[in-house]
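The next block holds one structure in the form of structure tokens; read it before the comments.
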Amino acid sequence: MSGPARGPRAAAVHVPASPAENLRGAGLMVAAMAAFAVEDMFLKAAAATLPVGLVLMLFGAGGTVGFALLARLHGERLWHPAMAHRGVVLRAAAEVTGRLGYTLAIALTPLSAATAILQATPLVVVAGAALIFGEKVGWRRWSAVLAGFAGVLVILQPVPGSFVPASILAVIGMAGFAGRDLATRAAPRVLSNRQLGLCGFAVLVPTGALLWAAMGGTVRPDPAAFGCVAAGTAIGVAAYTGLTAAMRTGDVSVVTPFRYSRLLFGVALGVLVFGEGLSLATLGGSVIVLAAGLYTLTRARRAESA
């Protein structure tokens, strides 16, 4: 999952973070990305035995409890009238789309390929910010966005004999997560990250139940699989918390590029844990997506400092 903008420092006059803060923010970001990759690993392992709908439902329930506890620890309400705001509802719908698509993707396709496609999310956010919020995006960044989409096509290999239809699920998941990030900007600022996380995870419970009812699947008593769901949920909540802390510690332009470290962790876990092979298409497409994303961030940083 992704966090919102910087917090108090960004609300007024921007004060650059110190080198120590940037270093700490980068470390938190890398740790969060590693945790997200481990979360994916546990959910993929659980889905090998349990119905995907059940995995998603349990993941949502566990995350809801986790964020509810965090909210109460910070003295925050579990229900706030602002949670009925249109922006929050749109965010929840995007969360459902993203999590549903991506969970099915990591269950049915290689973790390395799904993770690589997910790295195009920031590029979709850039395009959405320009089209929806009217943010200024120059032709160089538009070119980088198109190049990133081309990289996704390289990974997908949409040609007869190479195309895997289930890989489209990762694209749907990526689009949903990008929509969630965009909708976060429209959510009332009175809601904390923990309250938004509570809303995001809560909607996954009925979503998972409906998916389970639609796809079916028997539940065998497998403590290891249920343990994987529990571990993935706990690590996912910790990863989201770490991501939020990272975005509020160092400068966004310095910390954000470290989000792409998730690709390294996802590919490594896919190869080492699930024995996945890396095709030239996955490697080549990943390089294109990474290069496009980093270039986009570089151009955005230059535009801010101009």
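Here the structure is a predicted model, which means the values were calculated and not measured.
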Transitive ILVMFWY side-chain link L58 to V205, under 4.5 Å: yes
Would you compute the distance between atom CZ of F67 and atom CG of L73 and round it to the nearest 0.5 angstrom? 12.5 Å
Looking at M83 and R77, what are the two nearest heavy atoms and their distance? CE-O, 4.4 Å
Side-chain heavy-atom pair Y102, T115 within 4.5 angstrom cut-off: yes
Common cluster, F42/L54, ILVMFWY with side-chain heavy-atom separation under 4.5 Å: yes
S112: what forms a side-chain hydrogen bond (donor to acceptor under 3.5 Å, both in side chains) with it, not counting sequence neighbours? E276
Once rounded to the nearest 0.5 Å, what's the spacing between atom CG of L156 and atom CD1 of I168? 5.5 Å
T184 OG1 to R189 CZ distance, which is reported to the nearest 0.5 Å: 10.5 Å
Could you give the distance from CG (L153) to CD1 (I117), rounded to the nearest 0.5 Å? 9.5 Å
Distance-only check: which donor-acceptor pairs under 3.5 Å involve side-chain atoms of residues 121-139, not counting sequence neighbours?
unit_1: T121; atom_1: OG1; unit_2: L118; atom_2: O; d: 2.7
unit_1: E135; atom_1: OE2; unit_2: R185; atom_2: NH1; d: 2.3

Run the side chain to side chain contact (heavy atoms under 4.5 Å, CB included) test on Q195 and W79 for me, step by step, so that the C-alpha distance in whole Å, both residues' side-chain angles and the decisive distance to 0.1 Å come before the verdict. CA-CA 8 Å; Q195 290 171 316; W79 168 255; over 6 Å; no
Any side-chain heavy-atom pair of E76 and L191 under 4.5 Å: no
Hey, could you give me the CG/OG1 distance between D222 and T49, rounded to the nearest 0.5 Å? 4.5 Å
Given side chains that start at C-beta, do those of V267 and L263 come closer than 4.5 Å, heavy atoms only? yes
Heavy atoms of Q157 and S279 approach each other most closely as NE2-OG, 4.3 Å
Looking at side-chain heavy atoms only, is the closest gap between F177 and M174 below 4.5 Å? no
Is a side-chain donor or acceptor of H85 paired with a backbone partner of G87 at a separation under 3.5 angstrom? yes
With hydrophobic residues grouped by side-chain heavy-atom distances under 4.5 Å, do F149 and V289 end up in a single group? yes
Starting at CG of L264, measure out to CE of M33 and round the result to the nearest 0.5 Å. 12.0 Å
Sub-4.5 Å side-chain heavy-atom contact between V287 and L283: no
Pair I172, T97 - check side chain to side chain contact (heavy atoms under 4.5 Å, CB included), show working. CA-CA 7 Å; I172 294 173; T97 302; 3.8 Å; yes
Side chains of Y240 and N193 only: does a donor on one sit below 3.5 Å from an acceptor on the other? no
Apply side chain to side chain contact (heavy atoms under 4.5 Å, CB included) to M41 and F274, showing your working. CA-CA 9 Å; M41 177 195 73; F274 300 106; 3.9 Å; yes
Do any N or O atoms from the side chain of T282 and from the backbone of L278 form a donor-acceptor pair under 3.5 angstrom? no
Would L28 end up clustered with F36 when hydrophobic side chains under 4.5 Å apart are linked, directly or stepwise? no
Residues A246 and G25: closest non-hydrogen pair is CB-O, 3.5 Å
Between A71 and L78, what is the shortest heavy-atom contact and its length? CB-CD2, 4.1 Å
Against T103, only a single residue in D40, L204, L56 fulfils side chain to side chain contact (heavy atoms under 4.5 Å, CB included); can you say which? L56
For V154 and G285, which heavy atoms make the closest approach, and how far apart are they? CG1-N, 3.7 Å
Could you tell me whether the side chain of K44 and the main chain of T109 form a donor-acceptor pair under 3.5 Å? yes
Candidate pair F226 and L50, rule side chain to side chain contact (heavy atoms under 4.5 Å, CB included), full reasoning: CA-CA 8 Å; F226 286 105; L50 301 175; 4.0 Å; yes
Going hydrophobic residue to hydrophobic residue with side-chain gaps under 4.5 angstrom, can you get from L269 over to I235? yes
Can you name the closest pair of heavy atoms from I106 and A114 and give their distance? CG2-CB, 4.0 Å
